[in-house]
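The structure under discussion appears below in the form of structure tokens.
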Amino acid sequence: MAKKHVAVLMGGFSSERPVSLSSGAACADALEAEGYRVSRVDVGRDVGQVLAELSPDVAFNALHGPFGEDGKIQGILEYLGIPYTHSGVLASALAMDKELAKTVAKAAGVPVAESRIMNREDVVNAHPMRPPYVVKPVAEGSSFGVVIVREGQSHPPQALSAGDWSYGERVMVERYVHGRELTCAVVGDVALAVCEIVPVGHSFYDYDSKYVPGASKHVVPAEISPKIYQKIQTLSLKAHKALGCRGVSRSDFRYDDRFSEDGELIWLEINTQPGMTPTSLVPDIAAQAGHSFGELLSWMVEDASCSR
């Protein structure tokens, strides 16, 4: 039986275009190795016409950032009736908006840090909360535009008033949570291993830590107590279900264990389109569970659907 024709959607026109091209190429190569017929689509404004002409069985969504993971491309695929990987329209839009995602997650019992939404220019004028705090664009990924204001810093972050700022006018100001960077992938309705991310030569898990080989270390499974480990898995699955995600998602946490083993565990966000580059987290986490990269992608292709 012939395997499906898969259109791998990559590139696009968000700040995360280079990441998407890398993810897309890796996924296309792996799917071809699994025997699928693959069409590589560098997504432009004519994507609807291109897909209508290609008429694939499945669209593998390897896009990142605005347009790719915020419900827009998902809506186009729904109209075209092409089954697609990852979350649907509503879950994608919710998860991409950090404020709305936190609101939904908190209502489901997932612990989040105190935050407020502001215009970026207002943040520049005076500290919106006592440092330390984090300022992040409401609808960006890959740590683009993230600014950490350290304890004792006398002035608010001036980077937000830069003329080349391209991450939108609304930003989230969130209490900085000390501690370790932990993440957990959900595949289907199963929470996989918890991974600790240790940046190498960086103060936090920024863009370079994510995508430059050797700039971060992935410890899978994370070396934490079984109680905290299981709690992270439970909360990841709870957030996945509360936002209505499907396919694969990844929840990020901060765990402050400086003063006690129980410490403070805070959910930061959920990623409905986790990176699939050679340095990405989900392939490492899936491998720990015994799933090869090709097997993971094959499952995602077979799980693809519309109206779900």
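Just so we're clear, the structure is a prediction, and the values are computed from it rather than from any experiment. Position 1 is the first residue of the sequence; numbering continues from there. The figures here come from the full heavy-atom set of this structure, side chains too, leaving out hydrogens, waters and symmetry mates.
With contacts defined as side-chain heavy-atom distances shorter than 4.5 Å, the pair H218/Q288 does not qualify. Considering only heavy atoms from C-beta on, H178 comes within 4.5 Å of P132 through its side chain. At a threshold of 4.5 Å between non-hydrogen side-chain atoms, the residues H5 and P56 count as touching. Counting heavy atoms from C-beta on, the side chains of L77 and C306 never come closer than 4.5 Å. Between P274 and L281, every side-chain heavy-atom pair lies at or beyond the 4.5 Å cut-off. The shortest side-chain heavy-atom distance between N271 and H86 does not fall under the 4.5 Å cut-off. Contact of the I224 side chain with the D257 side chain is not registered, since no non-hydrogen atoms from C-beta on lie closer than 4.5 Å. At least one side-chain heavy atom of F253 sits under 4.5 Å from a side-chain heavy atom of L235.
Nearest heavy-atom pair across I270 and S249 is CD1-OG, 3.7 Å. Here the closest heavy-atom approach between residue W299 and residue G188 is recorded as CH2-N, 3.4 Å. Nearest approach of A304 to V58, heavy atoms of both residues: CB-CG1, 3.6 Å. Heavy atoms only, all atoms of each residue included: A7 and V41 are closest at CB-CG2, 4.2 Å. Among all heavy-atom pairs drawn from C245 and T272, the shortest one is SG-CG2, 3.8 Å. In terms of heavy atoms, L21 sits closest to G11 at CD2-CA, 3.6 Å.
Using a 3.5 Å distance cut-off with no hydrogens or angles, the side chains of H64 and S14 do not pair a donor with an acceptor. Side-chain contact, E78 with Q74: no donor N or O sits under 3.5 Å from an acceptor N or O. Using modelled atom types and a 3.5 Å distance limit, the side chains of N61 and T85 yield no donor-acceptor pair.
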Test K106 against W267 for side chain to side chain contact (heavy atoms under 4.5 Å, CB included), laying out the working first. CA-CA 9 Å; K106 183 179 180 180; W267 181 87; over 6 Å; no
Chi angles and distances behind the side chain to side chain contact (heavy atoms under 4.5 Å, CB included) call for M118, V135: CA-CA 10 Å; M118 298 181 64; V135 184; over 6 Å; no
Could you walk me through whether V173 and H127 pass side chain to side chain contact (heavy atoms under 4.5 Å, CB included), step by step? CA-CA 10 Å; V173 180; H127 281 308; over 6 Å; no
For a side chain to side chain contact (heavy atoms under 4.5 Å, CB included) check, start with the C-alpha distance between K241 and D189, then their side-chain angles and the critical distance, and finish with the verdict. CA-CA 8 Å; K241 291 181 175 180; D189 288 325; 4.0 Å; yes
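Linking ILVMFWY residues whenever their side-chain heavy atoms come closer than 4.5 Å, directly or via other members, places V104 and V112 in the same cluster. The same ILVMFWY cluster, assembled from side-chain heavy atoms under 4.5 Å apart, contains both V110 and L265. Residues M276 and L9 do not share a hydrophobic cluster, defined by chaining ILVMFWY side chains whose heavy atoms lie under 4.5 Å apart. Both L296 and L31 are members of a single hydrophobic cluster when ILVMFWY side chains are connected at heavy-atom separations under 4.5 Å. If you chain together hydrophobic residues whose side chains sit under 4.5 Å apart, V282 and F60 fall into the same group.
Interatomic distance, K238 NZ to S251 OG, rounded to the nearest 0.5 Å: 12.0 Å. A distance of 10.0 Å separates SG in C195 from CD in E181, rounded to the nearest 0.5 Å. For the atom pair I148 CD1 and K136 NZ, the distance stands at 9.0 Å (nearest 0.5 Å). Distance OH/Y36 to NZ/K3: 4.5 Å, rounded to 0.5 Å. Atom-to-atom distance recorded for Y84:OH and D303:CG is 11.5 Å, nearest 0.5 angstrom. Taken to the nearest 0.5 Å, the CG atom of D256 stands 9.0 Å off from the OH atom of Y176.
Salt bridge absent: K217 and D284 never bring a charged side-chain N and a carboxylate O closer than 4.0 Å. A salt bridge does not link D57 to R37: none of the charged nitrogens lies less than 4.0 Å from a carboxylate oxygen. K98 has no carboxylate O lying under 4.0 Å from a charged side-chain N of E174, or vice versa, which leaves the two without a salt bridge. For the pair R40 and E32, the salt-bridge criterion is met [side-chain N within less than 4.0 Å of a carboxylate O].
Of the options K231, R254, R175, R258, a salt bridge (Lys or Arg N to Asp or Glu O under 4.0 Å) to E264 is made by R175 and by none of the others.
Between F13 and F67, the ring planes are tilted. Angles from 30° to 60° get that label.
The backbone N or O of R246 sits less than 3.5 Å from a side-chain atom of S87, completing a donor-acceptor pair. With hydrogens and angles ignored, the 3.5 Å screen pairs a side-chain donor or acceptor of Q273 with a backbone N or O of L63. Listed for the D97 side chain is a donor-acceptor partner under 3.5 Å among the backbone atoms of L100. In this structure, R250 contributes its side chain and A185 its backbone to no donor-acceptor pair below 3.5 Å. Listed for the S305 side chain is no donor-acceptor partner under 3.5 Å among the backbone atoms of P83. Under the 3.5 Å distance criterion, the side-chain polar atoms of K102 are matched with a main-chain donor or acceptor of A113. In this structure a side-chain-to-backbone donor-acceptor pair under 3.5 Å is missing from S20 to M10.
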